[in-house]
Amino acid sequence: MREWWYGLETRERRTLIIGGAALAIIVFIFAVWLPAHRGVDSTQQRVDEQRQLLSWMQQAAAEARALRGSGASAPKTRDSGQALYALADETARSAGLGESIREVSPSGENRVRVDLQGAEFDTLIRWLTELRGEYGIQASPISVRETDQPGRVNAQVVLAEQEA
């Protein structure tokens, strides 16, 4: 190898040295620097997303503490004679979803299907949370699709009594 190197003319050696240095720089950029730089960017984006999520969770926790501390009434119980579909309709209307209700119909034993159009998403979630927490009614399955109006959704919810 040494014989070959010294057998080259000075101009050829200089060209090989410059080419080798350029190749080393290119390899460094594409194999080390760019992947590391992309990794830093994606990590920073994930950190920002996690910070936003943490902020939202802290606000939700503060709201939950405020609701707990507000002296909320004892959990409600459903009248033994009240049908599940009547409870669903009544609580949905009292939650502010009355204009969005398209249909409330029985769907098998102890199950009710509720179709909503143009419902406020936050109101829908509060209603479902109230049903679960205060009446022991769970929503499963639930299908939610966005609408053209921000914050409003079309939803199909199947409500069922929780099994003990």
Taking the side chain as every heavy atom from C-beta outward, state whether [X] and [Y] have any pair of such atoms under 4.5 Å apart.
X: Glu49; Y: Leu53; value: no
X: Trp5; Y: Leu16; value: yes
X: Val144; Y: Asn154; value: no

(message) If we check side chain to side chain contact (heavy atoms under 4.5 Å, CB included) with Ile142, which of these qualifies: Val158, Leu128, Val114?
(response)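 Single pass found, and it is Leu128.
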(request) Please assess Asp48 against Gln52 for the test side-chain hydrogen bond (donor to acceptor under 3.5 Å, both in side chains), listing each intermediate value before the final yes or no. (result) CA-CA 6 Å; Asp48 290 342; Gln52 289 175 350; over 6 Å; no
For [X] versus [Y], what's the shortest heavy-atom pair and its separation?
X: Ala92; Y: Trp127; result: N-NE1, 3.1 Å
X: Phe121; Y: Val153; result: CD1-CG1, 4.0 Å
X: Ser140; Y: Arg111; result: O-NH2, 3.3 Å
X: Glu161; Y: Ile137; result: CG-CD1, 3.8 Å
X: Leu116; Y: Ala119; result: CB-CB, 4.2 Å
X: Leu124; Y: Ala155; result: CD2-CB, 3.9 Å

(request) Please list all pairs passing the salt bridge (Lys or Arg N to Asp or Glu O under 4.0 Å) test where one or both residues lie in residues 144-158, with sequence neighbours left out. (result) Glu120-Arg152
(message) Taking salt bridge (Lys or Arg N to Asp or Glu O under 4.0 Å) as the cut-off, I'd like each qualifying pair that reaches into residues 7-36, sequence neighbours left out, listed once.
(response) none
(message) Taking ring-ring contact (aromatic ring centres under 6.0 Å, His included) as the cut-off, I'd like each qualifying pair that reaches into residues 34-60, sequence neighbours left out, listed once.
(response)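 Non-adjacent pairs meeting ring-ring contact (aromatic ring centres under 6.0 Å, His included): Trp33-His37.
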(message) Under the criterion side-chain contact (heavy atoms from CB on, under 4.5 Å), I'd like the reasoning laid out for Thr91 against Tyr135: C-alpha separation, chi angles, the key distance, then a yes or no.
(response) CA-CA 10 Å; Thr91 57; Tyr135 297 99; 3.9 Å; yes
Please answer: with hydrophobic residues joined when any side-chain heavy atoms are less than 4.5 Å apart, are [X] and [Y] in the same cluster?
X: Ile25; Y: Leu23; result: no
X: Ile17; Y: Leu8; result: yes
X: Val27; Y: Phe30; result: no

(message) I'd like to know if the side chain of Asp41 pairs up with that of Gln45 as donor and acceptor (distance under 3.5 Å, no hydrogens or angles considered).
(response)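 Their side chains do not contain a donor-acceptor pair, so the 3.5 Å distance test is not met.
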Distance from [X] atom [atom1] to [Y] atom [atom2], nearest 0.5 Å?
X: Arg102; Y: Gln156; atom1: CZ; atom2: CD; value: 12.0 Å
X: Met57; Y: Gln50; atom1: CE; atom2: CD; value: 9.0 Å
X: Asp89; Y: Ile101; atom1: CG; atom2: CD1; value: 4.5 Å

(message) Tell me whether Asp122 is salt-bridged to Arg126, with the criterion being a basic N under 4.0 Å from an acidic carboxylate O.
(response)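 No.
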(message) Closer than 4.0 angstrom, basic N to acidic O: yes or no for Arg113 and Asp115?
(response) yes
(message) Any side-chain to backbone donor/acceptor pair from Ser55 onto Arg51? Under 3.5 Å, distance only.
(response) no
